[in-house]
Amino acid sequence: MDDYGKELLRTGIIEAKTGGKDSARRYLDRAIYMSSSFDVLAEAWYWMSEVVDDPAEKRKALENCLAHEMHHARARRSLAILDGKLKANEVINPDQLQAAPEGMRSSDAQRFMCPKCGGRMSFSPDGHGLVCEYCTRNQTLDSGTANEKDFIVAMATARGHGKPLQEQVFRCNGCGAEFILPPKQISVSCAYCNSPHVVSLEKTKDLLAPDGIIPHAFNQKQAVKLLINWVEGNQIKPEKQVELPRGLYLPLWTFDIGGSIEYTYEMEDVNRRNRKRGLQLGEMEPVRITSDYPIMEDDLPLPASKKPSAVFLKMIPTFDMKSIQPYDPRFLVDWPAEIYDVPMADASLDARSRVLAKFKRNLPSMTNQANIIRTSSANLLVESFKLNLLPVWMTELPFNGREHLVLINGQNGVVHSDLAEKVEEEDEKGGLLGFLADLLDD
């Protein structure tokens, strides 16, 4: 019966592709009636949505498709178009991805000035709002929970595959001057009138806008104190002057991954004796059994910037991810922020591979030490994702003949670097406090 259902489905798809909608509906309707296979039913309902014109009927067909296969990518994409979450003209052909255009692009940016006196607004490093530098007017930023984006919808567009390769050209809303923002930065102050601008990424066609942010919690002077304590605690003597820590936001992908990992294991069959030639009567024959293990990985983090990724990766577990707030461009006023240079599509492949590797290591202990001989990630699915901005203070420490990257967690002050945790130094501690004393004495 299922074979007959597959044949009806195949004929219905051919009719749909050749424009015979009425004939296709008859074959697909019959396939739905005759088949008991979830795969056939899901595909039949999807193609039914392609040959009906009424939006209500199309929605019903897509919902029936997803009821039989909740991860049906084309159905989720079609439903997103129907709901207005995705524009049909943004859907790309995966076999014909366009190359990134060369040169500079014009981008929209918001300007943040005090609505009362017209003065410059700065983000207060307490995570609560903006403060005017002249009339001290406060502008509170609302808190909440950052929303996740649908992975299938994003993958259907160029945004899911692209990364910024161009410089961006802005026109200042204050004085009219045009200026260039480096491709890995999304906030800057005008060189003439000093008004802060933040890129409106949601208005560009090739970049995903951030979804969440952890605001900076302390200022540069406190960052300097943390750096001094860390340097002296590790007995490091810098070889030349250390630059003041620079506050910025670094991008981070987080992925929700579900589905299951299919695995095959061997076990002895205690219910039957092997009577094959060459084996003694009573010996057990190993049998292979295929099963699957359900997976639910929430907010798996991956750096979205390549340059500080090794040190940043060590620092990620020190952030309180539950405190991520919905992204608001006002958080970036007076703070530089990097754009991601690892495309979401590439990061999602890395996320799947990390989950598979983790569960491959743990599967034996989770399956009573079964002798696992094969695993498959075919049913491992990325369900949703977020692009977050995390606060850090960054500087370089000249030591042992080279510059070592040092990052300070802008939320809680934890310090990480590409140095060993403890550096043995026979000479007296020195250098850094003198280099940074001017700031501490302010």
Side-chain angles (χ1 to χ4, degrees), residues 1-13 28 30-47 63-76 94 151-152 155 254-302 345-385:
M1 190 68 71
D2 282 343
D3 289 342
Y4 183 47
K6 289 179 182 178
E7 199 59 43
L8 290 168
L9 172 61
R10 188 178 298 112
T11 306
I13 292 173
L28 294 171
R30 190 68 177 165
I32 292 168
Y33 178 77
M34 296 295 296
S35 182
S36 60
S37 165
F38 277 18
D39 291 342
V40 172
L41 289 169
E43 199 65 14
W45 277 115
Y46 169 73
W47 281 100
E63 288 175 348
N64 280 327
C65 170
L66 292 172
H68 290 94
E69 186 185 340
M70 64 179 296
H71 297 292
H72 196 289
R74 287 166 295 151
R76 286 172 61 178
F151 177 75
I152 297 296
M155 281 291 287
T254 56
F255 294 94
D256 291 342
I257 299 179
S260 63
I261 292 178
E262 184 181 282
Y263 63 98
T264 301
Y265 63 98
E266 283 187 343
M267 66 175 294
E268 291 183 343
D269 187 351
V270 297
N271 296 318
R272 68 186 177 115
R273 299 182 184 278
N274 190 304
R275 301 182 183 279
K276 287 188 177 179
R277 188 180 305 168
L279 293 178
Q280 296 295 326
L281 187 63
E283 286 190 37
M284 302 301 179
E285 178 189 35
V287 294
R288 292 187 175 184
I289 299 174
T290 297
S291 184
D292 53 47
Y293 194 91
I295 300 297
M296 184 174 290
E297 192 80 12
D298 185 48
D299 286 342
L300 178 70
L302 286 171
D346 294 353
S348 71
L349 293 177
D350 192 11
R352 289 179 80 252
S353 122
R354 286 172 185 255
V355 170
L356 177 62
K358 171 186 171 182
F359 280 89
K360 279 179 72 173
R361 289 193 305 269
N362 298 334
L363 263 177
S365 62
M366 295 187 295
T367 54
N368 295 321
Q369 301 303 321
N371 180 26
I372 297 172
I373 59 174
R374 186 188 68 85
T375 57
S376 170
S377 62
N379 296 325
L380 204 57
L381 304 164
V382 179
E383 297 178 348
S384 57
F385 71 96

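These values consider heavy atoms only, across backbone and side chains, with no hydrogens, waters or symmetry-generated copies.
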*Would you sort out whether Leu9 and Leu28 count as a side chain to side chain contact (heavy atoms under 4.5 Å, CB included), showing the intermediate values?*
CA-CA 6 Å; Leu9 172 61; Leu28 294 171; 3.8 Å; yes
*Gly258 to Glu383 - nearest heavy-atom pair and separation*: CA-OE2, 3.7 Å
*From CD (Glu266) to CD1 (Ile372), nearest 0.5 Å*: 11.5 Å
_The test is side chain to side chain contact (heavy atoms under 4.5 Å, CB included); show your working for Asp292 and Asn379 and say whether it passes._
CA-CA 9 Å; Asp292 53 47; Asn379 296 325; 5.6 Å; no
*Identify the heavy atoms of Phe255 and Ser348 that sit nearest to each other, and give their distance.*
CZ-N, 3.6 Å
*For the residue pair Arg354 and Glu297, establish whether any side-chain heavy-atom pair is separated by less than 4.5 Å.*
no
*First locate atom CE of Met34, then atom CG of Asp3, and finally report the distance between them rounded to the nearest 0.5 Å.*
11.5 Å
*Do Arg352 side-chain atoms and Leu380 backbone N/O form a donor-acceptor pair below 3.5 Å?*
yes
*What are the two closest heavy atoms between Gly5 and Ala31, and how far apart are they?*
O-CB, 3.8 Å
_Using a strict threshold of under 4.0 Å (side-chain N to carboxylate O), is an ion pair present between Arg74 and Glu69?_
no
*Going from CG on Leu302 to CG on Asp346, what distance comes out if it is rounded to the nearest 0.5 angstrom?*
11.5 Å
*Using the side-chain contact (heavy atoms from CB on, under 4.5 Å) rule, pick out the option among Thr254, Val355, Val382 that qualifies with Leu300.*
Val355
*asked:* Ignoring hydrogens, what is the shortest heavy-atom contact between Arg30 and Leu8? Give both atom names and the distance.
replied: CG-CD1, 3.5 Å
_I need the minimum non-hydrogen distance between Tyr293 and Tyr263, along with the two atoms involved._
N-CE2, 3.9 Å
*Which pair of heavy atoms, one from Ile32 and one from Ala44, lies closest together, and at what distance?*
CG1-CB, 3.7 Å
*asked:* Parallel, tilted or perpendicular, judged at 30° and 60°: which one describes the rings of His68 and Phe38?
replied: perpendicular
*Would Asp299 and Asp256 satisfy side chain to side chain contact (heavy atoms under 4.5 Å, CB included), going step by step from the backbone distance to the final call?*
CA-CA 5 Å; Asp299 286 342; Asp256 291 342; 3.4 Å; yes
*asked:* Test your reading of the model: is there a side-chain donor-acceptor pair from Asn371 to the backbone of Tyr265, 3.5 Å cut-off?
replied: no
*Which distance, rounded to the nearest 0.5 Å, do you find between the CD1 of Ile261 and the OG of Ser377?*
7.5 Å
